[in-house]
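Structure record follows, encoded as structure tokens.
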Amino acid sequence: LEDDEMETSDVQIFYQEDPEFQNLSQNSCPPSEVSRNNLDRPLKARSYQLELALPAKEGKNTIICAPTGCGKTFVSLLICDHHLKKFPQGQNGKVVFFANQIPVYEQQKSAYSEYFERYGYRVAGISGATAENVPVAQIVENSDIIILTPQILVNNLKNGTIPSLSVFTLMIFDECHNTSKQHPYNMIMFNYLDQKLGGSSDPLPQVVGLTASVGVGDAKNTDEAIDYICKLCASLDATVLATVKDNLEELEEIVYKPQKFFRKVESRTTDKFKCIVSQLMRQTESMAKSIYEEFENLSQIRNREFGTQKYEQWIVAVQKACVVFQMQDKDEESRICKALFLYTSHLRKYNDALIINEHARMKDALDYLKDFFSQVRAAGFNEIEQDLTRRFDEKLQELESISVDPSNENPKLKDLCFILQEEYHLNPESRTILFVKTRALVDALKKWIEENSKLSFLKPGTLTGRGKTDQNIGMTLPAQKCVLDTFRTNGDNKILIATSVADEGIDIAQCNLVILYEYVGNVIKMIQTRGRGRARGSKCILLTSNAYVIEKEKINMYKEKMMNDSILSLQRWDEEVFKEKILQIQMNEKFIRDSQEKAKPVLDKENKKLLCRKCKALACYTADIRVVEECHYTVIGDAFKECFVSKKHPKAKKFGNFEKRAKIYCAGQDCNHDWGIHVKYKAFEIPVIKIESFVVEDIATGIQTLYSKWKDFHFEKIPFDPAEMSR
Ligand SMILES: [Zn+2]
């Protein structure tokens, strides 16, 4: 549960739809086999696809909103085709297509290449992986269609390699609902709108956006939803929202909406495991309190309960507060900080275990704790750790016997088992995807299925996100692809257990049963999860013991209805009136942007100390920090070299001019806190540190501040100078 999935509150998440390559060919072959035959004869468009393409073909800036799986990629091909052919002799169009994620980028690039290269158009692509060493300006100059990840264009507009968006005649944004806040799509559109509103006479490209769902934000009624959608249209300078209206019947033939079911299940009535672990947690809390009386008050979060996400938040807040707390006696301060760090880490693991116990078997929760304690034994194992381990060991026997007692079985799992048995009895060929909240639960449910004689025939596969966290390295893209290939080609593999990974733009094979196990998301996410059960007769079942979760999902459905109603009502507006409204929003937003621009943060030139966030040892001074390529931070001078130890990196890797060689850790006694990495940069071996591993202390006042991102820390940032290194 260290997972990023748990802490999404202040993280901006961008969603995208499945790549739709397969739908181009109207059959279900994997992409590699799809199109050789189709290359000779042009694909035939369906009526609803022609309907969706129409306003954009007329040259209007359009947002195309149509369900997942209906072939929006093909609609964009039709628009692009029409656009390039309409230019008179001697003039040429130039199209740019944006894709957010590498897998989507790859699929779009091959779709566009296959479709257009036979007509003699030049198709090229630049992604984050290739951008380093290619002449971007030249590729743009020499191609008719360019597929890009959007950050590439943002960078090249910023450094002037591409002087203006006027080089393009058409821009297509895949998953265009992401055009908001600081997303690269919006940065591109800021540039566009500055040119539009700044009175430049250079022609601007036509803009087309593709999405399954425009979203409604926090709207509580249709008026607010309309405002939200208008704002999205303004961001993309769109004057038309295209949806399928005349050919709905045909669309519904192709895109089947799975039926949605809600199943409220019961939790255990008595939970001895929870009693014992809660008691251990109370003990640990009071031990922390005895070493530092104010422990309880280190966080503002009140009414915490064991085994909840709120407790998780509380413990994270306490951990952060522990780090900045100060005493006269620095040795004493270090001792207390270290102790509190250990107590809170243990509390966090106990809390994780309670959550696992809540949703899976007691055995899984207990295994999780046993794993943790054996890691503790294998590492430093100081006095406090020994004490905590002894207290756990005292209860271990009792926990073991409770966890094997059949009367303590989790009723939720019985329900899940029943549903799976029923579905596979009806249709032995069923393919299921089971969504759960955390990685720990993915592992627990996999084991449960494998060890359950009624379900072991399902041979579960697992899929987790690429996101990295403190203790977990996410699944890599090749590993994810391997799992998906197996799921697609191996019929024995009947169920895939996944976290929110499906939001990472991966093409999941057709499945007819989607089970959401205590899993909720926003409206865009809901529509997309549903898009995954494409086969006719497919079902989506939400299983939860929490009435609030069902309530929340019903709100999501209400939001979807609100969104559809709002789009319908906007489509009835007079086009000129709509244009006027959009222009007003654009001018307002530009005004706000420009005024924020002026209010740059004040630079603080005072020299400051960086202390290890765990043991508070002095690491370095801000005056010794140098910035490499604008976003990486290193420390110069020999003094710093004594402060850390390095260990060979398990995944040595090159990125840009950097070669990741080692991880670095605090050299303070028993500390080993993760400080960052050691890299080879051009001719130099340098450390690269992350600010979230340190506490910043003002030398004069002693005030301490925590930052999680360098960009929030406004000190005098001196660029890295190779000459300085050779002195
Ligand atoms: Zn340290």
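Just so you know, ligand 1 is whichever comes first in the structure, and atom 1 is the first atom listed for that ligand.
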salt_bridge(K663, D674) N-O dist < 4.0 Å: yes

Electrostatic pair E285:R282 at N-O distance under 4.0 angstrom: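 Looking at R282 together with E285, the answer is no, because their closest N to O distance does not fall below 4.0 Å.
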
Geometric class of the F694/W675 ring pair [parallel <30°, tilted 30-60°, perpendicular >60°]: tilted

Residue list, side-chain hydrogen bond (donor to acceptor under 3.5 Å, both in side chains) with K274, at least two apart or on another chain: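 In terms of side-chain hydrogen bond (donor to acceptor under 3.5 Å, both in side chains), with neighbours along the sequence ignored, K274 is linked to no residue.
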
Over 12 non-hydrogen atoms of neighbours within 6.0 angstrom of CD in E305: no

Metal site the Zn ion (ligand 1), protein N/O/S atoms found under 2.8 Å: 4

Close side-chain approach of E358 and S267, heavy atoms under 4.5 Å: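 Yes, at least one pair of side-chain atoms sits under 4.5 Å.
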
